[in-house]
Amino acid sequence: VQLQASGGGLVQAGGSLRLTCAPSGGDLSTYTMAWIRQPPGKEREVVAAIKWSSGNTGYGDSVKGRFTISRDYAKNAVYLQMDSLKPADTAVYYCAAGRSMYISASQFDYWGQGTQVTVSS
């Protein structure tokens, strides 16, 4: 499975961004897709995940109510809509695929190249 992430950039606090992940090269029906971020000098954390087959979602506490993960079968894409962004959301965001949403970031099997999100105050 290959993952291509895009959509990062620089935004002011309170603004919005949408990240896109384009998976290819594998059968996603058994996978959970996730957005994982790594802030400067900190550990990676799973911010949102979605089971490809059912659409069930899960969110990290720090982004609940502000971020929305979704997937589009027709376009074979996964999105992360990020609203009410805060400077603390500044990080490299990775698209990843794994066998469950109840696993740590390091347990995901496939990773994209990462896209930088910077939120200015």
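Computed from a prediction, not measured in an experiment: that's the story for all the values here. No hydrogens, no waters, no symmetry mates; every other heavy atom, side chains included, goes into these values.
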Please check if the side chain of Thr90 supplies one atom and the backbone of Val119 the other of a donor-acceptor pair under 3.5 Å.
-> yes
For Thr32 and Arg99, does a side-chain donor sit closer than 3.5 Å to a side-chain acceptor?
-> no
Hey, what do you get for OH (Tyr79) to CD1 (Ile69), rounding to the nearest 0.5 Å?
-> 12.0 Å
Could you tell me whether Phe67 and Trp35 have their ring centroids closer than 6.0 angstrom?
-> no
Asp89 and Met82: CA distance, side-chain angles, deciding distance, side chain to side chain contact (heavy atoms under 4.5 Å, CB included) verdict = CA-CA 9 Å; Asp89 295 317; Met82 305 185 293; over 6 Å; no
So CE of Met101 and CG of Asn56: to nearest 0.5 Å the spacing works out to 6.0 Å
How long is the gap from CG on Asn76 to SG on Cys21, to the nearest 0.5 Å?
-> 9.0 Å
Under a 4.5 Å cut-off applied to non-hydrogen side-chain atoms, are Thr115 and Val92 in contact?
-> no
Minimal non-hydrogen separation, Ser84 against Ser16, with atom names | N-OG, 4.4 Å
Centre of Tyr94's six-membered ring, under 6.0 Å away, within 45 degrees of the axis: is that where NZ or CZ of Arg37 sits?
-> no
Test log, rule side chain to side chain contact (heavy atoms under 4.5 Å, CB included), inputs Arg66 and Lys86 | CA-CA 10 Å; Arg66 299 188 299 120; Lys86 306 174 181 179; 3.8 Å; yes
OG (Ser6) and CD (Gln113) are apart, to the nearest 0.5 Å, by 8.0 Å
Test Val11 against Thr118 for side chain to side chain contact (heavy atoms under 4.5 Å, CB included), laying out the working first.
-> CA-CA 6 Å; Val11 64; Thr118 303; over 6 Å; no
What's the spacing between Leu19 CG and Cys95 SG if we round to 0.5 Å?
-> 9.5 Å
Distance-only, no hydrogens or angles: does the Gln4 side chain make a donor-acceptor pair with backbone N or O of Pro23 under 3.5 Å?
-> no
Within the side chain of Arg71, is there an N or O that forms a donor-acceptor pair under 3.5 Å with the backbone of Trp52?
-> yes
Is the backbone of Leu80 close enough, under 3.5 Å, to the side chain of Tyr93 for a donor and an acceptor to pair up by distance?
-> no
Which value, rounded to the nearest 0.5 Å, describes the distance between Asp83 atom CG and Thr68 atom OG1?
-> 6.5 Å
Quick one: are Phe108 and Ile103 in side-chain contact, heavy atoms under 4.5 Å?
-> yes
Side-chain donor-acceptor pair present, Ser70, Arg18, cut-off under 3.5 Å | no
Nearest heavy-atom neighbours spanning Val46 and Ala34 | CG1-CB, 4.3 Å
Answer yes or no: is there a side-chain heavy-atom contact under 4.5 Å between Glu45 and Ile36?
-> no
Residues Ile50, Val78; criterion side chain to side chain contact (heavy atoms under 4.5 Å, CB included); working and verdict | CA-CA 9 Å; Ile50 185 167; Val78 178; 4.3 Å; yes
Closest heavy-atom pair and its distance - Tyr73, Ser53 = OH-O, 3.0 Å
